[in-house]
Amino acid sequence: MKDDNLDLPEFSQLTVKEVKNFAAELKIDKNLPEIIKNLNQDSRKGVQKVAVRLQRKIKRQQQIEAKWERMNTVEAELRTQGHQIIVGLDEAGRGPLAGPVVAAAVVLDPEAKIYELDDSKKLSKKKRETLFSKIKARAKVGIGKATSSEIDKYNIREATFVAMKRAVKDLLPQLAANPDILLVDGNAVIPELTVAQKSIIDGDADVNAIAAASIIAKVTRDNIIFEYAEKFPQYNFKSNKGYGTAEHIAALEKYGSSPIHRKSFGRVPE
């Protein structure tokens, strides 16, 4: 059956394969429910299965949009209080034995929604990299890092604050005004900053701006450690990313530490 209001093919005149190919190109929009209705009127089981898959596609998109709205709750409330420039902050690389700790500061555009943001650790490498590109294209991003020698000098907690301050500083030239508030993942705020801050435990899983920062920090740090993997292949950083795996510990015992290892961490030899 063809709906005169939609530019639809006569599904009864198409093979099941042709219907599947047609459905594969469809985007989720206001017309999709009507298309599903037309498909369900076809007596062929194969066509009806296409309708079921499209219905699942709609449900999945609704779940994605609902999650974005849930993760936008904190930012939406802050905007009602007059905060406009809201910065999400997170880091990657506190635990590894080698490489820098990297922080990211992100200001999202509320009119340019980026769906499927989440704690970077919960995402696949492919999904992280896809979202990384979207965030870089649609948001304002600052990046900061603290080196392994700075971690040894200050300790990992203080070095993380250093990286976060650098990320905010990197972000500032992109903003029309100073930030109204920083949303910091975890249970601590950054010392010696005059801007308002709010720490949020598990913020990378609950707040869009912090989730975006976690993705930027994670992918950026991974790319840095992959470059080190070429320079120091004996530690297999490409696989362990500097974390203390059994293989990494064995390599440290055999080769000693490299210039990017954190000498203050107990399992790293001088």
Answer yes or no: is there a donor N or O on one side and an acceptor on the other, between the side chain of [X] and the main chain of [Y], under 3.5 Å?
| X | Y | value |
| --- | --- | --- |
| Asp202 | Ala205 | no |
| Asp29 | Leu32 | yes |
| Lys165 | Gly144 | no |
| Asp180 | Ile86 | no |
| Asn72 | Asn208 | no |
| Arg221 | Pro100 | yes |
| Thr73 | Arg70 | yes |
| Asp152 | Lys263 | yes |
| Asp170 | Arg166 | no |
| Arg94 | Ile156 | no |

Let's go through Glu77 and Gln81 carefully: what are the C-alpha distance in whole Å and the side-chain angles of both, what is the deciding distance for side-chain contact (heavy atoms from CB on, under 4.5 Å) to 0.1 Å, and is it a yes or a no? CA-CA 7 Å; Glu77 177 62 24; Gln81 299 171 13; 3.2 Å; yes

Please tell me whether [X] and [Y] are part of a single hydrophobic cluster in this structure, the criterion being side-chain heavy atoms less than 4.5 Å apart.
| X | Y | value |
| --- | --- | --- |
| Val184 | Val106 | no |
| Leu97 | Tyr243 | no |
| Tyr115 | Val74 | no |
| Val207 | Val107 | no |
| Phe226 | Val101 | yes |

Supply the atom-to-atom distance [X] [atom1] to [Y] [atom2], rounded to the nearest 0.5 angstrom.
| X | Y | atom1 | atom2 | answer |
| --- | --- | --- | --- | --- |
| Leu89 | Ile216 | CG | CD1 | 12.5 Å |
| Leu117 | Leu108 | CG | CG | 6.5 Å |
| Arg138 | Lys113 | CZ | NZ | 12.0 Å |
| Ile135 | Ser133 | CD1 | OG | 9.0 Å |
| Phe265 | Ser148 | CZ | OG | 10.0 Å |
| Ile114 | Leu131 | CD1 | CG | 7.5 Å |

task: Kindly indicate, with the supporting measurements, whether the criterion side-chain contact (heavy atoms from CB on, under 4.5 Å) is fulfilled by Asp118 and Lys67.
output: CA-CA 10 Å; Asp118 206 339; Lys67 182 177 180 180; 2.6 Å; yes

Exercise. Begin from the C-alpha positions of Ile143 and Lys145 and carry the test side-chain contact (heavy atoms from CB on, under 4.5 Å) through to its verdict.
Key: CA-CA 7 Å; Ile143 296 171; Lys145 67 179 181 178; 5.8 Å; no

Only counting residues at least two apart or in another chain, list the ones meeting salt bridge (charged side-chain N to carboxylate O under 4.0 Å, His left out) with [X].
| X | value |
| --- | --- |
| Glu75 | none |
| Arg44 | Asp42 |
| Glu129 | Lys125 |

Q.
If you count heavy atoms of other groups shown closer than 6.0 angstrom to NZ of Lys57, is the number above 12?
A. yes

**OP:** Taking atom CZ of Arg157 as the centre, report whether more than 12 heavy atoms of other residues, nucleotides or ligands fall under 6.0 Å from it.
**Re:** no

Practice item. Would you please test Glu18 and Phe22 for side-chain contact (heavy atoms from CB on, under 4.5 Å) and show each step? Key: CA-CA 6 Å; Glu18 288 171 334; Phe22 170 80; over 6 Å; no

Result for side-chain contact (heavy atoms from CB on, under 4.5 Å) between Met164 and one of Asp185, Ile190, Val102 points to Ile190

Nearest heavy atoms of [X] and [Y], plus distance in Å:
| X | Y | answer |
| --- | --- | --- |
| Ile201 | Asp206 | O-OD2, 4.2 Å |
| Ala188 | Ser199 | O-CB, 3.6 Å |
| Leu39 | Gln48 | O-CG, 4.4 Å |
| Asp90 | Ala213 | N-CB, 3.6 Å |
| Tyr154 | Ala159 | CB-N, 4.1 Å |
| Gly99 | Ile151 | O-CD1, 4.0 Å |

Review point. Quick one: does Pro96's side chain get under 4.5 Å of Arg262's, heavy atoms only?
Key: yes

Flag side-chain contact, heavy atom, 4.5 Å: Asn21 against Leu14:
no

* Ring centres of Tyr235 and Tyr228 under 6.0 Å apart? -> no

Taking only Lys NZ, Arg NE, NH1 and NH2, and the carboxylate oxygens of Asp or Glu, determine whether [X] and [Y] approach each other closer than 4.0 Å.
| X | Y | answer |
| --- | --- | --- |
| Lys140 | Asp109 | no |
| Lys134 | Glu116 | no |
| Asp222 | Lys218 | yes |
| Asp204 | Lys122 | no |

(request) Please work out whether the ring planes of His248 and His261 are parallel, tilted or perpendicular, with thresholds of 30° and 60°. (result) tilted

